[in-house]
Amino acid sequence: MKEQTGIHSSLRTVEWKNNTVIMIDQTKLPNKLEYVKFKDYRKVADAIKELVIRGAPAIGVAGAFGLALASLQSKAKTKEKLLEDLEKARKVLFETRPTAVNLAWGLEKIMQIANKGNDVSEIKNLVVETAKKMAVEDVEINMKMGKFGSELFVNNDTIMTHCNAGALATVGYGTALGVIRATKDSGKSIKVIATETRPVMQGSRLTVFELKHDGIDVSLIPDTAVGYSMANKLVSKVIVGADRILRTGHVYNKIGTYQVALMAKQHNIPFYVAAPLSTFDLKSRPEDVIIEQRKSSEVTGVAGKKTAPDDINVINPAFDMTPPELISGIITESGIAKPPFEESIQKLFESRL
Ligand code: MRU
């Protein structure tokens, strides 16, 4: 059962307070800004699965907070038993969503730190403090990305975005929408076109909600109007987030991103991706990446109302892959990678060492 809190003062997607994980229930947006709180890591896993919290960086930090709860829930008296309990929790959290690599990254980071602790109380302390630090760093990283990315945009740009890669997809500020925020804050006048992003409507429910909240000029279009908007010169640039980026520059993001990128190529419109280095998976090849398939009811209905006949087959992949040749640049907290990506991505990681 989700517990309600009365906390409405901050727009933080996820945070840790008094040994409790507090998150905005994004399934309720834009109609209600409601916060839920959890003390059990299994409930955090359910929240990730049900999209109460979503967006690659946000679920990375939520996973880390999940392990922090698991460490406090554990009754282990020895280091070995505590690590065993944490490993069990890691598996439960990991299995919630397979495509966004930030989740595996966040869980791995916590497990590495846990293994360094000498005893039960030191491990618990390390795990909680590291998860809290990851949340703080997420916002700092997004702001750095925003600074780099804002240089790619000019006065009077109209920027198309797909899905929600904003404050609501991170701990705060956002990746693609962070770049848009930073561009506006640098004094440039910009407009945004947001796709509604069927079937879960992250564009209309979340991106438009967020941008309107911040006073950024935004127009909502149906996903089917991407071609129309580009052909009629309503769009000058595109920016999206990412759930996973391979060393070759293959980008996995919300279903429909590939179509937007192809259309942008056809109309000579620059197509940018903004993502932290924690979204990169330098080991996998395209054939290794699991694309999450979601339930058919997301497609056969809208807002709980049936819009398709009973018993029809549905194909509902949550993500697609955009190949590197459609991408003009990848904005990170360490700089902007430009084609050829295999080289520029490697350089970004080397410059970090
Ligand atoms: O299914 P979701 O809502 O978790 O998908 C989110 C996206 O695809 C975002 O574009 C991506 O996670 C980048 S978020 C900064």
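We use all heavy atoms of the structure for the numbers below, so side chains are in, but hydrogens, waters and symmetry mates are not. Counting convention: from 1, in listed order, for ligands and their atoms alike. Positions are given from 1, in the same order as the sequence printed here.
A donor-acceptor pair is defined here as one N or O able to donate and one able to accept, closer than 3.5 Å; such a pair exists between the side chain of Thr207 and the backbone of Cys163.
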Is there any protein N/O under 3.5 Å from an N/O of ligand 1, and what does the full list of such pairs look like?
unit_1	atom_1	unit_2	atom_2	d
ligand 1	1 (O)	Arg97	NH1	3.3
ligand 1	1 (O)	Arg97	NH2	2.8
ligand 1	1 (O)	Lys254	NZ	2.8
ligand 1	3 (O)	Arg54	NE	2.8
ligand 1	3 (O)	Arg54	NH2	3.2
ligand 1	3 (O)	Gln202	NE2	2.9
ligand 1	4 (O)	Gly55	N	2.9
ligand 1	4 (O)	Arg97	NH1	2.7
ligand 1	8 (O)	Asp243	OD1	2.8
ligand 1	8 (O)	Asn253	OD1	3.2
ligand 1	8 (O)	Lys254	N	3.2
ligand 1	10 (O)	Asn253	OD1	2.7
ligand 1	12 (O)	Ala56	N	2.9
ligand 1	12 (O)	Asp243	OD1	3.3
ligand 1	12 (O)	Asp243	OD2	3.0

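Trp16 is linked by a ring-ring contact (aromatic ring centres under 6.0 Å, His included) to Phe65, counting only residues two or more places apart in sequence or in another chain. Annotation: salt bridge (charged side-chain N to carboxylate O under 4.0 Å, His left out) contacts of Glu95 (sequence neighbours excluded): Lys91.
In summary, the side chains of Arg205 and Asn31 do not present any donor paired with an acceptor at a separation below 3.5 Å, with no hydrogens or angles considered.
In this structure, Ile330 and Tyr272 have side chains that are not in contact, with every pair of non-hydrogen atoms separated by 4.5 Å or more.
Listed by first and then second residue, the side-chain hydrogen bond (donor to acceptor under 3.5 Å, both in side chains) pairs involving residues 322-336 amount to none (not counting sequence neighbours).
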